[in-house]
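Let me begin by presenting the structure, written as structure tokens, before commenting on it.
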Amino acid sequence: MLRVWLLDASEDLSSKIPSVLIWAIKEDGSRTVLRANYYPSIYLVGEDEEKKVKDLTRIFADKVLDAELKNVKIRGKEVKAIKVRLNSTEVESLGEEISKELKLKVYNYDIRYTTKFWIENRIEPSTWYEFVEEGTDGTTRVDISTAKKLDKNKPKLKVVSFEVIYFSEKGTPRADRDPIVAIALCSNEGYKNIIVGKENEILSTFCDEIMRIDPDVIVGFKNNQTHWSYLLKRAKINSVKLKVGRNQSEPHQSVFGHFSIQGRINIDLFDLVKETPEVKLESLEEYAEFLNIKVNYNTIDEFEISERWKSKPEEVKNFCLGRAVTILEIYNSLEDYIFELSKITSLPADQVLATSAGFRVESYLMKKAEEVGELVPERKEIVHESYQGAIVKAPISGLHENVAVVDFKSMYPSLMIKHNISFDTIVKDGEQAPGLNFGFSKERGFLPMALVDLIEERDKIRKIMREVKEGSTEYKVLDSRQKAIKIITNAVYGYTGWAGARWYAREVAEATTAWGRITITSAIDKAEKLGLSVIYSDTDSLFVSYKKDKVEEFLEWIKNELSLEAKIDKIFLRIIFTEAKKKYAGLTEDGKVEFVGLEAVRGDWSTIAKEVQSKVIERILKTGSKDEGLKVLNEYIDLLRKASVDVKKLVIWKQITRPIEEYEATAPHVVVARYLIKSGWKVDPGDKVGYVVVKGSGRIYTRVKPYFEAKLEEIDWQYYIENQVIAACERILEAVGIDVKKVGKYKQSKLFT
DNA sequence: TGTAGGCACACGCCAAATCCTCT
DNA sequence: AGAGGATTTGGCGTGTGCCT
């Protein structure tokens, strides 16, 4: 018996029979690689099955191991299918070939061999298993069918973080031209090093150290998008082999720009930043701050890094090493979450972060499909018709006191379960979804089943958590797991309405929102009947005047009459609404001010505008006096008139969302991006461009500059006062009854001419 | 390699309206 | 007074980022 924790799997290219190499950790802590034969299965559906089973084994004798008839389900419908075990890892091309030759519809075929490995064998990555050993041929062979899951804690992984500094005379470093000047390496066993010197030596030392430390995980920031391809290119130029893999191999690009390193897990924290909406500029330092991780170095902007390398290399080295340290610390705080997400989705930790929500849900559903004999439809392009979504009730604008926020608990998943909404339960007769000409049968559907499993699992974990010491390792692992489950649960509804989904079902998404609308509408009516005035409502939440007894009665009614759960999410002592939906700010019982949707939480407003708006609102909420708010605004306007605000606070950041030539309109941020590109900087979709508005006349785009080129003297203060600071505060003050245009003397006065 | 729809808001674009200057 | 260019106005489209 062999007990191992599974790190990753890759196709065994050296084997003649289809096999995988499984990278694993043994109980004694040693690292190992196992070899297992695995014949992937595809399914064929159509006429004349018995005959075609014979044809199959005849025509594709060398490519097919065996074929048998099986009862399976396609979107819930029982069908007979030929299950074919392929004697090949070329699943997709072979599947297509067989399908064409035998004129049968093919299922479970357009999935990568290694992905199928986990799913078909019902093995989860990042988990302990026991296998029966089959012997050894240099590598230990195991029989995958003997896999038995064990409930054991994750072993301690060896982790290395790295950061790279490139030198470029002008603009974004280019791998064909600009050298690497420093690489910082850091391990979770206390190793710390900044490698500098000749480029070929930097590269070989980097490889040597990695091979010596032999980490299970290599973590970086933007390593998929930048570092690995850059390092590979520079290694080639220097005739150095970038040996970092467990087989002395180089990193290789796998699908979708992600890099794989044999036997190790390559993690890019940038993937995590991108899915953290609170982090607006998506920088490492901002992310660290969000996670309450202290940064112990002075940040150097990418635009000045090469400059600084020439003048003060020690500072750059310190920066580089500091970043590596921070990367490691961030990784440490998120490690459990990453591996729990990997388990739930059956996507190796290496890939799970690189994939988006839709693919995580899909991977989870594929796992479930295997359990119940549901076939996996092929991925195909479809035309998506958009459908009606949720209801947002216009708020009663103004300053309110004692407002309770009542939330339905996971409304969409609950409705999908309650009404059995699923792609395999759609029926034209019987009870229909509200306002739609179809409904759902009573027989338990696939999606509700999957959702029930997820919710039950999460409840189970949360129950255990109550008995575990908060802050303990076990608690943290459980918490990571329940968070990972929640993310998958909440994304299932959206998945069904996603055009790229294998199990795309607009009807499912449409019916879910339809029942959602009925639900919230009836809740609003009931609340009003109970004498709770509904100040605002969005999708699954209601803001009501807080009367304890009545709210409790209301929650009871939801439970009994709607068979759904709702709870008081929070109580605002004071709350401000403007006329706009999805925007408000409130003071909670613990004295915190929360901003929702307002400029203060948007990444595309200058810091000064956000700061003034927050301060104005905070003052109003805390004092209850609107005049106090106006006072704050006036103080700040004086500061701006005196030009005594740091340029950094004036930068407006906007994302470039497409290749620059695809823009139709001349937007300020696009003009700046074009200028940057002309100056040798790379601006790709997803990059953020920071600019300031300078003095001049006419269109704004004619007088914008990259933030690092702007001087304080040229700032257009008038713009910042009117279009940023006042713009952000005006609607707020108006909502509480102050007409800034009349009361404020600043709007009309030309300050600089 | 994109979970969904609903929403606000800035600013450019473009044409019509209005203003302004000059004859 | 009227021509004709300059400037303003207002509706609409583009673009971004937020909420649940």
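By convention in this document, chain letters (A, B, ...) are assigned in the order of the sequence lines, proteins followed by strands, and residues within each chain are numbered from 1.
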| task | Start with the C-alpha gap between A:Lys393 and A:Leu542, add the side-chain angles, then the distance that decides, and say whether side-chain contact (heavy atoms from CB on, under 4.5 Å) holds. | result | CA-CA 9 Å; A:Lys393 188 180 180 291; A:Leu542 298 98; over 6 Å; no

With a cut-off of 3.5 Å and sequence neighbours excluded, list every side-chain donor-acceptor pair involving residues 403-413 of chain A.
residue, atom, partner, partner atom, Å
A:Lys409, NZ, A:Glu565, OE1, 3.2

Side-chain donor-acceptor pairs under 3.5 Å in residues 269-279 of chain A, sequence neighbours left out?
residue, atom, partner, partner atom, Å
A:Glu275, OE1, A:Arg360, NH1, 3.1
A:Glu275, OE2, A:Arg360, NH2, 2.8
A:Thr276, OG1, A:Leu272, O, 2.7

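Residue pairs meeting the side-chain hydrogen bond (donor to acceptor under 3.5 Å, both in side chains) criterion with at least one member in residues 659-670 of chain A, sequence neighbours excluded, are A:Thr657-A:Tyr663. The side-chain hydrogen bond (donor to acceptor under 3.5 Å, both in side chains) pairs that include a residue from residues 599-612 of chain A are A:Glu599-A:Gln613, A:Glu599-A:Arg731, A:Arg602-A:Asp604, A:Ser606-A:Gln724, A:Glu611-A:Tyr636, A:Glu611-A:Lys649, where partners are two or more places apart or lie in different chains.
Shown here are the side chain to side chain donor-acceptor pair (under 3.5 Å) partners of A:His400, two or more places apart in sequence or in another chain: there are none. Partners of A:Lys116 under the salt bridge (charged side-chain N to carboxylate O under 4.0 Å, His left out) rule, at least two apart in sequence or in another chain, are A:Glu120. For A:Tyr337, there are no side chain to side chain donor-acceptor pair (under 3.5 Å) partners, not counting sequence neighbours.
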Got a list of protein N/O to nucleotides 3-8 of chain B N/O distances below 3.5 Å?
residue, atom, partner, partner atom, Å
B:dT3, OP2, A:Ser356, OG, 2.5
B:dT3, OP2, A:Gly358, N, 3.4
B:dG5, OP1, A:His384, NE2, 2.9
B:dG5, O3', A:Tyr387, O, 3.4
B:dG5, O3', A:Gly389, N, 2.9
B:dG6, OP1, A:Gly389, N, 3.0
B:dC7, OP1, A:Lys581, NZ, 2.9

Dump every N/O contact between nucleotides 12-21 of chain B and the protein below 3.5 Å, one line per pair.
residue, atom, partner, partner atom, Å
B:dG12, OP1, A:Ile700, N, 3.1
B:dG12, OP1, A:Tyr701, N, 3.1
B:dC13, OP1, A:Thr666, N, 3.4
B:dC13, OP1, A:Thr666, OG1, 2.5
B:dC13, OP2, A:Tyr701, OH, 3.3

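Across all strands shown, A:Arg517 has no heavy atoms under 4.0 Å from either base or sugar-phosphate atoms. Counting non-hydrogen atoms under 4.0 angstrom, A:Val670 reaches nothing in the nucleic acid. When heavy atoms are screened at a 4.0 angstrom cut-off, A:Ala501 is found touching no nucleic acid atom at all. Counting any heavy atom pair closer than 4.0 Å across all strands shown, A:Gly500 reaches no nucleic acid atom. The residue A:Tyr536 sits apart from the nucleic acid: no heavy atom pair falls under 4.0 Å. Using a 4.0 Å heavy-atom distance criterion, A:Asn723 is classed as a sugar-phosphate-only contact.
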